[in-house]
There are 2 protein chains.
Amino acid sequence: MPRDGRPTRERILISAEALVIENGYAATSVDQVIAASGTSKGAFFHHFGSKLDLARALVERYAAGDVAQLDAATAYAEAVTDEPLGQVDAFLAWFEERADDLMDEQSSCLYISVLTERQLVNAGTAEPIVKAVVAWRDGLARLLAAALADGAGGRRHQVDVDALADHVFVTFEGAFLLARATGDPGHMRRQLHVLRDLVRALLRAR
Amino acid sequence: MPRDGRPTRERILISAEALVIENGYAATSVDQVIAASGTSKGAFFHHFGSKLDLARALVERYAAGDVAQLDAATAYAEAVTDEPLGQVDAFLAWFEERADDLMDEQSSCLYISVLTERQLVNAGTAEPIVKAVVAWRDGLARLLAAALADGAGGRRHQVDVDALADHVFVTFEGAFLLARATGDPGHMRRQLHVLRDLVRALLRAR
DNA sequence: TTTGTATCAGACTGTTTGGTCTGGTATCAA
DNA sequence: TTGATACCAGACCAAACAGTCTGATACAAA
């Protein structure tokens, strides 16, 4: 068991995240997490009161990273241009360009593993996920609303801006599943590209 | 244990499908399935060699129903109009109109439960899913290709028709997850509506 | 030096799990 | 009537599971 610089608690979280994303929560045993992180039962239950406790910590950590990515994409979009239309486009392009790296480091999303099991949702584990979704919706909907006020698309199609913002989240999660089903990680990039084309067409329709 | 008219094997499949969709595969025990279906251990292992065997039968059954829905939607779209653009629109409208019923009878999709667990994917359980995805892609891509040849969108945006067809599948799965996270089943209808608006805008862009 | 506390290691335990096995009944062909 | 076979009930079992407990080490305050 090689000692890297990371504190034990974080080592456990990192190993557990990979295992749960790959195999699901119920299919991941505490012993597996212990083996993968090179720790022990004593260490595990010292840092986490129960397996469910680990799940909560896992989702909280993961969602925080997710919101951080949203902020990075928004900052990039706002740095590139002042035009609302261009900002939405740059926002989507940011993710599209990072799609391959994203699929490299994780072949799926922790949210999917968590939302699959009702016991986790009932235990409040989905709450950080909802917060992340709302953060995405708020952030992107703001950009979209400005763009729709700018272009003609909004008036023509009466777009539900919140639902359109949610569609980005929906595309991400759906693309993860499609990539898993077919074994082709390239779907993430292609789906984000499709999304960008679709949103472009909607915003520029006149 | 009330005897309905259904054969035991089907009773088990119906109960198991609901449980796996709701709680996931690993989190669903054989004993739970037995209790829910009002059968016994003997009956279960008479009809299924193992729990994994049940998973395979479950997905095969589910995917068949999925492809049947695709056929129904295509038939409806072709019956409504001869125009390619109208057909794509009618195809998407068909699902949007059935979204509420769909969320009523099942709050999520079996595919999600199956794809979450690597052991199931490795055991070939994902194969019927891929077949269903391909059937969807082929069916819808045909409609889309005709519509794009008809309208000007295709030449303007150089759309990847297959990826666009996949986007319908992606939207479905993503919407299931969003509905689960927020607890609001209305997301399915709204996301399908967004999808319809987006595709409309793309196809009619000129 | 002593006392306390945070951090672990790993043996251990009670329960749940997927799966087996024995026996019983219903059905149908010979 | 007899035998064979499909179908099923439920006791039973070994393995895996989440969680506990005892004890050891490290370090800091007193």
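Side chains are part of it too, since the values below use all heavy atoms of this structure and drop only hydrogens, waters and symmetry mates. Chain A is the first sequence line, chain B the second, and so forth, proteins listed ahead of strands; every chain is numbered from 1.
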Rounded to whole angstrom units, what separation is found between the [atom1] atom of [X] and the [atom2] atom of [N]?
{"X": "A:Ile12", "N": "C:dC8", "atom1": "CD1", "atom2": "P", "value": "8 Å"}
{"X": "B:Glu10", "N": "D:dC8", "atom1": "CD", "atom2": "P", "value": "13 Å"}
{"X": "A:Ile34", "N": "D:dT20", "atom1": "CD1", "atom2": "P", "value": "13 Å"}
{"X": "A:Gln32", "N": "D:dA15", "atom1": "CD", "atom2": "P", "value": "18 Å"}
{"X": "A:Leu54", "N": "D:dG19", "atom1": "CG", "atom2": "P", "value": "10 Å"}
{"X": "A:His46", "N": "D:dC21", "atom1": "NE2", "atom2": "C1'", "value": "15 Å"}

_C:dA9, OP1 or OP2 - any side-chain N/O from A:Thr39 closer than 4.0 Å?_
no
*asked:* Checking A:Leu198 against B:His167 for the side-chain contact (heavy atoms from CB on, under 4.5 Å) test, could you report, in this order, the C-alpha distance in whole Å, the side-chain angles of both residues, the deciding distance, and whether it holds?
replied: CA-CA 10 Å; A:Leu198 287 169; B:His167 196 69; 3.7 Å; yes
_Walk me through whether B:Arg180 and A:Glu117 qualify under salt bridge (charged side-chain N to carboxylate O under 4.0 Å, His left out)._
CA-CA 10 Å; B:Arg180 270 228 153 178; A:Glu117 299 183 30; over 6 Å; no
_Check ion pair B:Asp162-B:Arg137 (N to O, under 4.0 angstrom)_ = no
*So, B:Glu97 and B:Arg196, do they make that salt bridge, N to O below 4.0 Å?*
no
*asked:* Ring centres under 6.0 Å, that's the criterion: do B:Phe172 and B:Phe95 meet it?
replied: yes
*When every nucleotide of nucleotides 18-25 of chain C is labelled 5' to 3' by its protein contacts under 4.0 Å (heavy atoms), B for base, S for sugar-phosphate only, - for none, what sequence of letters results?*
BBB-----
_Could you tell me if A:Thr8 and A:His47 have a donor-acceptor pair between their side chains, going purely by distance under 3.5 Å?_
no
